[in-house]
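Heads up: the structure comes next, in structure tokens.
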Amino acid sequence: MTSDVSEPGAPTDDPGASSSGLAALGQLADLDVRLEQIDHHVKHLPERETRTGIAAELAELVSEARLLDAQIGDLERQQRRHEDEVARIEAKRAHNSERLYESHLTSPKEAEALTAEAESLGRRQIEIEDQILELMEQLEPLSSARADLARRHAAATERMAATDAAIAAAESEASTQHNDVIAEREALVGSADPDLVSVYEERRAVGRGAPVVGRLVGTTCSACHLEVPSVEFERIVHLEPDVLAECPQCGALLVR
Ligand SMILES: [Zn+2]
């Protein structure tokens, strides 16, 4: 940004401005190009693409986590069912032991039955405890994969926050630049010939982004980069400085 903006309304120090009002239109066109560049830049920040990538990554991590959580939940429910059963068996075994030791309440036949049941319960308990161990073995890799997913999710969330911060910073910087250029533009419009500015604005309104002003660089129009035919060129360069002339190729107003 030039320092011109600190003095809005101050006459521009471009030497062309005094020689031709058309030069102001050239400067106006330059500022409008600058505005478009600022807006284009902020709209197409590489961080926006990064953000889309991270968002997709996060969505995938969340759906992977959901799948894993369902598998883990299923195994944990099975484990709890088995643990509850072990608790029931242990309670029953304890109850049986009590009855066995209170021998005066127990007939030999009854004691035999209790012993047999105790053995059967013991076998069943070992069986279920083996199943619990198997479930825990299945759970272990799933839990570590789940923890890994959580770490990756946290890292991606952090990258997302950094990306959002970068976008916000770029947007704020672009907004400052935009406002600076707008101020510069207002100062320029304030000091330029209003009739020329009207011509410029009208052409710009119908031009749909096509350059409204071109500079003669040698015999070439800077708007379309085509050579102005020599007869036309001779005519244009001999016009009074403020007489409007169009590029015969693209119709841009020629600053000369
Ligand atoms: Zn042209």
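One is the number of the first residue; the rest follow in order along the sequence. These numbers come from the heavy atoms of this one structure, side chains and all, not from hydrogens, waters or symmetry mates. In each ligand, atom 1 is the first atom listed, and ligand 1 is the first ligand listed. What you are looking at is a predicted structure, and each value in this text was computed from that prediction instead of being measured.
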- Quick one: are Pro248 and Val228 in side-chain contact, heavy atoms under 4.5 Å?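 Pro248 vs Val228: side chains touch.
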- Message: A side-chain contact here means heavy atoms from C-beta on lying under 4.5 Å apart; do Arg203 and Glu246 qualify?
- Response: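 Result yes, sub-4.5 Å side-chain heavy-atom pair found.
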- Item | Pairs meeting criterion salt bridge (Lys or Arg N to Asp or Glu O under 4.0 Å) with involvement of residues 157-168, two or more places apart | Arg51-Asp164, Glu57-Arg159
Check the side chains of [Y] and [X] for a donor-acceptor pair under 3.5 angstrom, ignoring hydrogens and angles.
X	Y	answer
Gln79	Glu83	yes
Gln125	Glu129	yes
Thr163	Glu47	no

- Item | Of the protein N/O/S atoms, how many lie under 2.8 Å from the Zn ion (ligand 1) | 4
